[in-house]
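In what follows, a structure is listed as structure tokens, so that the remarks can point back to it.
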Amino acid sequence: MKGIIFTEFFDLVEQAFGFEVAEKIMDECDLPSGGVYTAVGTYDHTEILALVGMLSKITETPAPQLLVTYGRFIYPKLHAQLKGMGLEFGGSFELFSSLDNIIHPEVLKLYPDAELPNFNATKLNDHQLLLKYSSCRPFAHMAEGLTLGAAEHFDENLSVTLEHHNTDDNFYTDITITRQ
């Protein structure tokens with residue numbers, strides 16, 4: 001995973017829970033990287049899972065809830081990167097429908113070693129979109145948070161439901177997004 005995921009995670013932890021909690025997470029996790037991250041570095045995704053798990057334990061907040069919160073938090077930073085690539089969208093459905101065929105190919109031009117999830121978008125009707133999330137990583141709840149972050153950015157009222165179809169090796173989630 002790209003280092004921005006880690007550096008922004010610690011920004012969220014410090015803002016929401018304080019510097020002491022961020023330090024405690026680092027002290028409690030035995031991470032291969034030693035917990036030293038740069039925004040452009042690449043790190044094993046199991047480290048973010050360990051960090052979220054420890055934050056969940058310390059704060060007694062379920063990990064899925066933390067991942068949703070984190071997705072909402074990081075959305076503005078990722079959206080700014082889209083603008084930097086010259087990608088602009090009129091609304092969240094347009095953005096979500098462009099993930100696999102426009103956004104991710106552009107991301108791969110900048111970060112050829114990035115391992116991105118797949119999002120197959122299907123418009124169900126004028127008010128609903130189905131995103132089929134598939135990945136070797138369990139971050140569907142972070143995608144849920146990113147969806148809610150996009151809703152805030154585009155000033156839209158969206159609701160999101162997740163239906164998991166995970167296997168031993170991969171994570172599959174149907175993310176149904178309804179525009180109110």
Side-chain angles (χ1 to χ4, degrees), residues 1-16 37-42 45 48 52 63-166 170-180:
M1 288 194 106
K2 297 316 279 178
I4 189 172
I5 300 299
F6 295 87
T7 58
E8 291 300 318
F9 174 77
F10 279 105
D11 283 352
L12 169 65
V13 171
E14 288 178 16
Q15 286 181 31
Y37 305 107
T38 64
V40 295
T42 301
H45 77 279
I48 198 76
V52 170
Q65 183 179 335
L66 291 171
L67 286 169
V68 170
T69 299
Y70 177 60
R72 289 178 96 151
F73 176 82
I74 197 170
Y75 180 82
K77 302 275 190 323
L78 297 179
H79 187 87
Q81 288 186 346
L82 292 178
K83 288 185 96 171
M85 290 186 271
L87 299 175
E88 301 222 17
F89 301 94
S92 63
F93 280 21
E94 181 184 350
L95 181 141
F96 303 145
S97 296
S98 301
L99 286 168
D100 272 359
N101 60 349
I102 297 174
I103 296 171
H104 285 171
E106 291 298 318
V107 170
L108 288 171
K109 287 178 186 175
L110 294 173
Y111 307 105
D113 62 335
E115 296 176 2
L116 303 170
N118 293 309
F119 290 95
N120 182 356
T122 304
K123 186 175 179 181
L124 301 176
N125 57 50
D126 288 342
H127 302 286
Q128 280 192 314
L129 184 74
L130 173 64
L131 281 179
K132 289 191 168 285
Y133 168 91
S134 63
S135 178
C136 61
R137 300 179 181 125
F139 294 120
H141 288 285
M142 191 165 101
E144 176 185 5
L146 288 165
T147 301
L148 295 171
E152 292 167 6
H153 174 82
F154 290 109
D155 196 26
E156 297 173 342
N157 186 14
L158 301 181
S159 63
V160 181
T161 58
L162 276 61
E163 185 178 336
H164 301 286
H165 306 283
N166 301 330
N170 284 295
F171 300 90
Y172 302 97
T173 302
D174 290 343
I175 303 171
T176 304
I177 306 161
T178 305
R179 186 172 30 212
Q180 311 297 320

Heavy-atom neighbours of Asp155 CG exceed 12 at 6.0 Å: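 12 or below, so no.
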Looking at [atom1] of [X] and [atom2] of [Y], how far apart are the two atoms once the value is rounded to the nearest 0.5 Å?
{"X": "Gln180", "Y": "Glu156", "atom1": "CD", "atom2": "CD", "result": "11.0 Å"}
{"X": "Ile5", "Y": "Ile74", "atom1": "CD1", "atom2": "CD1", "result": "4.0 Å"}
{"X": "Phe6", "Y": "Thr42", "atom1": "CZ", "atom2": "OG1", "result": "9.5 Å"}
{"X": "Leu116", "Y": "Tyr111", "atom1": "CG", "atom2": "OH", "result": "11.0 Å"}
{"X": "Phe89", "Y": "Ile103", "atom1": "CZ", "atom2": "CD1", "result": "4.0 Å"}
{"X": "Asn118", "Y": "Leu99", "atom1": "CG", "atom2": "CG", "result": "10.5 Å"}

Verdict with supporting geometry, Asp174 and His165, side-chain contact (heavy atoms from CB on, under 4.5 Å): CA-CA 8 Å; Asp174 290 343; His165 306 283; 3.2 Å; yes
Which label fits [X] and [Y]: parallel for a plane angle under 30°, tilted from 30 to 60°, or perpendicular past 60°?
{"X": "Phe9", "Y": "Tyr70", "value": "perpendicular"}
{"X": "Tyr75", "Y": "His153", "value": "tilted"}
{"X": "His141", "Y": "His164", "value": "tilted"}

Is there a side-chain contact between [X] and [Y] in this structure, where contact means two heavy atoms from C-beta onward sitting under 4.5 Å apart?
{"X": "Glu8", "Y": "Leu78", "value": "no"}
{"X": "Leu158", "Y": "Phe93", "value": "yes"}
{"X": "Leu95", "Y": "Phe154", "value": "yes"}
{"X": "Glu144", "Y": "Thr161", "value": "no"}
{"X": "Val68", "Y": "Met142", "value": "no"}

Taking all heavy atoms of [X] and all of [Y], pick out the closest pair and write down the distance.
{"X": "Cys136", "Y": "His45", "result": "O-NE2, 4.4 Å"}
{"X": "Ala114", "Y": "Leu108", "result": "O-CD2, 3.4 Å"}
{"X": "Leu129", "Y": "Ser97", "result": "CD1-OG, 3.8 Å"}
{"X": "Pro117", "Y": "Ser135", "result": "CB-CB, 3.9 Å"}
{"X": "Ala121", "Y": "Leu131", "result": "CB-CD2, 3.6 Å"}
{"X": "Ala63", "Y": "Val52", "result": "CB-CG1, 3.9 Å"}

I'd like to know if the side chain of [X] reaches the main chain of [Y], judged simply by a donor and an acceptor atom lying under 3.5 Å from each other, with no hydrogens or angles considered.
{"X": "Arg137", "Y": "Glu115", "value": "yes"}
{"X": "Arg179", "Y": "Asp126", "value": "yes"}
{"X": "Thr7", "Y": "Ile4", "value": "yes"}
{"X": "Asn166", "Y": "Tyr172", "value": "yes"}

Pair Gln128-Thr176, side-chain donor/acceptor within less than 3.5 Å: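 No, Thr176 and Gln128 have no side-chain donor paired with an acceptor closer than 3.5 Å.
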Stepwise side-chain contact (heavy atoms from CB on, under 4.5 Å) test for Leu87 and Gln81: CA-CA 9 Å; Leu87 299 175; Gln81 288 186 346; over 6 Å; no
Test ring pair (Phe, Tyr, Trp, His ring centres under 6.0 Å) applied to Tyr133 and Phe139, Phe119, Phe171, the passing residue: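 Only one option passes, and that is Phe119.
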